[in-house]
Amino acid sequence: MHDVLPVPPSVDAWLHTPRWRALERIFRDVCRLHGYREIRTPVMESTDLFARSVGAGTDIVSKEMFTFTDRGERSMTLRAEGTAPVVRAFLENGLASGGSMTKLYYIATIYRYEHGQRGRYREHQQTGIEALGGASPAVDAEVIALAVAFLTRLGIADVALRLNSVGCPTCRPGYLAALLAFAEKRLGLMSRDNRRRFEENPLRMLDSKDPDDHAALEGAPVLRSYLCAECGDHFTELRAHLDDLGIAYELDDRLVRGLDYYTRTAFEFVSPQLGAQDVIGGGGRYDGLIEQCGGPPTPGVGFGIGTERCLMVLDRLEASMMLEDERPIAYVISPGAATSRRAVAMVAELRRAGISAETDYLGRSIKAQMRTANKLGAQWAVILGEVELARNAAAVKNLRNSDEQREIPISGLVSFILDHLHNRVE
RNA sequence: GCGGCUGUAGCUCAGCAGGUUAGAGUGCCAGGUUGUGGCCCUGGAGGCCGUGGGUUCAAGUCCCAUCAGCCGCCCCA
């Protein structure tokens with residue numbers, strides 16, 4: 001877990017609220033362009049929801065959930081994953097309106113009780129989308145295209161898109177049987193982890209990074225050649241769409257995601273900028289999930305992208321982001337107690353006019369106030385000295401250039417500042 | 001869940017084989033300019049040395065535990 005601060009920390013500069021806001025702003029805009037609308041769900045859900053949807057044998061459910069019992073003896077779990085809560089809300093609120101699609105996006109914190117490490121946090125944020133109700137491979141393509149657009153606009157060009165199909169309940173059992181038959185003969189060559197997977201979750205044997213496992217599974221049956229006709233066609237069409245959209249990808253026979261609900265399309269974005277935690281986002285199709293959660297048979301596709309990992313990649317790339325300008329326009333300086341009342345009233349007036357303004361509350365010297373105004377990056381120092389006040393005027397000095405200080409009647413101050421805003425749209 | 005490393009001022013780090021008042025850079029505050037920023041100079045404040053136990057005449061320094069972080073595995077975002 002980590003704090004995100006208004007000033008970038010010297011080591012992890014990505015823990016900087018303006019960068020988070022910039023990322024979120026881009027994500028929201030890309031979602032708007034693609035017709036996705038925001039949904040917010042609670043941080044906690046009934047434990048059941050995750051256990052049933054994600055799958056009891058997965059790492060997420062078997063060892064990584066933040067689970068506790070509430071006062072009503074119900075077992076609750078902090079949001080362990082993004083899709084299940086969206087599906088739950090979709091069903092509970094009747095967002096399914098017969099025959100049409102529902103396209104949703106979220107920006108949400110996710111909780112996993114695992115060993116912390118750089119790029120892997122017990123609390124992290126994901127931006128994600130879910131397209132519900134569309135079975136066409138064109139929807140898969142749109143979901144992937146949205147992710148690509150988002151990463152591109154962020155400035156993360158250096159990512160690889162890995163793609164695979166994990167089949168469906170019709171064709172997967174045939175493949176599993178073939179895989180088990182193949183692996184059984186080579187169990188002795190494989191790691192302990194993979195022997196465990198052989199029993200519990202055989203598909204996951206494929207993406208082991210252990211070199212021995214790699215060698216042992218050399219020549220193992222490939223999932224994609226066992227796809228049924230429908231899954232095969234779906235994958236072929238998806239690839240054609242991606243080609244049309246100019247989205248490059250690499251096929252990865254061994255890409256199998258860690259959540260049980262995926263069917264057909266599975267994909268991941270990986271960055272060479274990160275270390276062991278190199279996946280910045282991933283997703284896929286989950287055609288059986290909604291029905292399994294008690295809804296009508298409804299297909300779905302989506303992805304989740306890790307905010308921390310994106311920002312870390314941007315840091316490594318030393319990419320510049322369009323950050324909001326947080327500098328005040330005006331800093332009102334009052335030389336003494338006698339003028340500080342006027343200063344307080346003055347900043348209020350400026351703010352009412354939409355001009356960001358600050359003043360000193362510590363009774364410090366003019367010099368100190370000027371320093372602070374400069375440090376904050378204020379455009380104007382507005383000096384309310386007794387000499388000026390006697391003439392109903394204020395001295396104004398532009399701190400962002402070396403223009404000379406000038407005196408303006410207080411009655412004209414707001415319009416003067418508005419007329420001289422930087423970046424003013426003419 | 002497994003293995004390894006780290007934890008000293010707000011921040012980045014020094015601190016030699018345990019030995020007097022724990023340092024630097026930067027940031028912060030003030031003065032040099034009796035009402036004026038940026039640069040420069042001078043001074044100042046700021047540290048239960050992660051936490052709890054232990055060894056020792058003496059512990060930031062050694063040992064144990066614990067928490068947090070980092071690296072690898074596992075897994076994922």
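Here is the naming used below: chain letters follow the sequence lines, and residue numbers restart at 1 for every chain.
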- prompt: Are A/Tyr121 and B/rC70 close enough that a side-chain N or O sits under 4.0 Å from OP1 or OP2?
  reply: yes
A/Gln117 side chain near B/rG72 phosphate (N/O to OP1/OP2, under 4.0 Å): yes
So what does [X] hit on the nucleic acid, given a heavy-atom distance under 4.0 Å: a base, only sugar-phosphate, or nothing?
X        : result
A/Glu308 : nothing
A/Gly385 : base
A/Glu388 : base
A/Gly336 : nothing

- request: Can you sort out the partners of A/Glu349 under salt bridge (Lys or Arg N to Asp or Glu O under 4.0 Å), two or more places apart, ordered by chain and number?
  value: none
- request: Check A/Leu104, A/Leu146, A/Val30, A/Thr102 against A/Tyr36 for a side-chain contact (heavy atoms from CB on, under 4.5 Å) and give me the one that passes.
  value: A/Leu146
Could one point to a donor on the side chain of [X] or the base of [N] with an acceptor on the other under 3.5 Å away?
X        : N      : answer
A/Gln369 : B/rG35 : no
A/Arg120 : B/rC70 : no
A/Glu114 : B/rA77 : yes

Between [X] and [Y]: side-chain donor-acceptor atoms closer than 3.5 Å:
X        : Y        : result
A/Thr69  : A/Ser75  : no
A/Thr41  : A/Arg79  : yes
A/Tyr111 : A/Glu81  : no
A/Ser340 : A/Ser334 : no
A/Thr372 : A/Arg364 : yes

Can you give me the N/O atom pairs linking the protein to nucleotides 28-32 of chain B at distances under 3.5 Å, or say none if there are none?
from   : atom 1 : to       : atom 2 : distance (Å)
B/rC29 : OP1    : A/Arg364 : NH1    : 3.2
B/rG32 : N7     : A/Lys367 : NZ     : 3.3

message: Under a 4.0 Å threshold between the charged nitrogen and the carboxylate oxygen, would A/Glu114 count as salt-bridged to A/Arg122?
response: no
message: So if I take residues 3-12 of chain A and measure heavy-atom distances to RNA chain B, which residues fall below 4.0 Å?
response: A/Ser10, A/Val11
task: Determine whether more than 12 heavy atoms belonging to other residues, nucleotides or ligands lie under 6.0 Å from atom CD of A/Glu386.
output: no
Side chain of A/Ile383 (C-beta onward), nearest among B/rC70, B/rA77, B/rG35: B/rG35
message: Taking pairing as Watson-Crick or G-U wobble with both contacts under 3.5 Å, can you name the mate of B/rA68, or confirm there isn't one?
response: B/rU6
